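Shown next, in structure tokens, is the structure this report addresses.
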Number of protein chains: 2
Amino acid sequence: MPDVDGRRRDLAAMIAPLQRALVAAEQPVLRAHGLSMWGYVVLDALEGQPVRTQAALAEFVGADKSRIIGVLDELENDGLLERPRDPADRRARLVTITGEGRRRHRAVQAEVQRGEERLLGLLPPADREALLRSLAVLADELPKLD
Amino acid sequence: MPDVDGRRRDLAAMIAPLQRALVAAEQPVLRAHGLSMWGYVVLDALEGQPVRTQAALAEFVGADKSRIIGVLDELENDGLLERPRDPADRRARLVTITGEGRRRHRAVQAEVQRGEERLLGLLPPADREALLRSLAVLADELPKLD
DNA sequence: TATTGTTATACTCTATAACTATA
DNA sequence: TATAGTTATAGAGTATAACAATA
């Protein structure tokens, strides 16, 4: 459908409503589990890489370092992560997810992805796989663009 | 890479940074052509369907009816669209894109998509097509979900 | 009374810049 | 002096509700 006449829709124009819908669908799930959107994003990031400095963590999730502080406060308060000071450099804090944080993250992610499957189920299996594969490539290559 | 072990990344988690990057890349292009992001979105919508009521137009682009008024004011001021009152129902306004609006939209879109190609070029041609096709399907099926 | 467009208001998000404590 | 984290402030973006004109 695209490119047969050399024209196609904007990538951004197709992604934007999709993003809105996905966020809206996540909202009740997050609320049910007592997580904010940024809280979930942070847990998701920590699930992979174990430790990091707050500034690096912020950049990794696409936020300002000052913006995630409230988020980290809440997550720490709920026992979902710990952030003791780094003995080697007492300015920095070693942010690590707790077992409870991991459980919470997995529970939420399971529900989130179950919701996403409603959409992905509309696609032929081969396209579904190509979509997920392609998005992973694009998301990972973004930092290298400039 | 997804699904070999039954696990995959969140669709939303991959799309979010992509969306941010695309928007950031569009910004200088839009500025150079004297368009706001919403202005471009509105022109893009009008390029397809010719007329409509402002409320329907707003909903179509995913905005509140009160939010696009300033946008329409600017576009009208710049001669990119017209919105005479509907003689049949003088409450409504018939919003139509002008020739100049069409030209402006096409010029911007050409540059926007040229930028997007930098990303899409990272994908194998078959995946590129599957991605565009799949996103179009998902974006179109969203309203029918609930 | 209901609807279209509009305006006004409040609220949330985000970015920036100052501050502290360590180095 | 520079850096990590924090706090405070201002700005942009957004949603909500009230209003005028028309139906």
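Hydrogens, waters and symmetry mates are skipped; everything else that's a heavy atom, side chains included, is used. Throughout, protein chains are lettered first and strands after them, A, B, ... in sequence-line order, and every chain is numbered starting at 1. Only a predicted model underlies this, so the values are computations on that prediction, with no experimental measurement involved.
- Look at CG on B/L72: it is 8 Å from P on C/dT6, rounded to the nearest Å.
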Point to revise | Protein proximity profile, nucleotides 14-23 of chain C - base contact B, sugar-phosphate-only contact S, no contact -, cut-off 4.0 Å on heavy atoms | key: SSB----BBS
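- Taking atom CD1 of residue A/I68 and atom C1' of nucleotide D/dA4, one finds them 11 Å apart after rounding to whole Å.
- Spacing between atom CD1 of B/I69 and atom P of D/dT16 amounts to 16 Å, rounded to whole angstrom units.
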Practice item. I would like to know whether B/R7 and A/Q109 meet side-chain contact (heavy atoms from CB on, under 4.5 Å); could you show each step before the answer? Key: CA-CA 10 Å; B/R7 287 175 53 77; A/Q109 187 166 56; 3.9 Å; yes
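- A straight line from CG of B/L81 to P of C/dG5 spans 13 Å, rounded to a whole angstrom.
- Atom CD of B/E59 has 12 or fewer neighbouring heavy atoms from other residues, nucleotides or ligands inside a 6.0 Å radius.
- Separation of atoms CD1 (A/I97) and CZ (A/R83) is listed at 14.5 Å; rounding is to 0.5 Å.
- Distance CD (A/Q54) to P (D/dT7): 10 Å, rounded to an integer number of Å.
- Here D/dT14 presents its P atom at 11 Å from CE of B/M37, a figure rounded to the nearest Å.
- Between A/L132 atom CG and B/L11 atom CG the span is 6.5 Å, to the nearest 0.5 Å.
- A salt bridge does not link A/E117 with A/R114: every distance from a Lys NZ or Arg NE/NH1/NH2 to an Asp or Glu carboxylate oxygen is 4.0 Å or more.
- Among the nucleotides C/dT6, C/dG5, D/dT7, the one closest to any side-chain atom of B/R83 is C/dT6.
- B/R85 CZ: more than 12 foreign heavy atoms inside a 6.0 Å radius.
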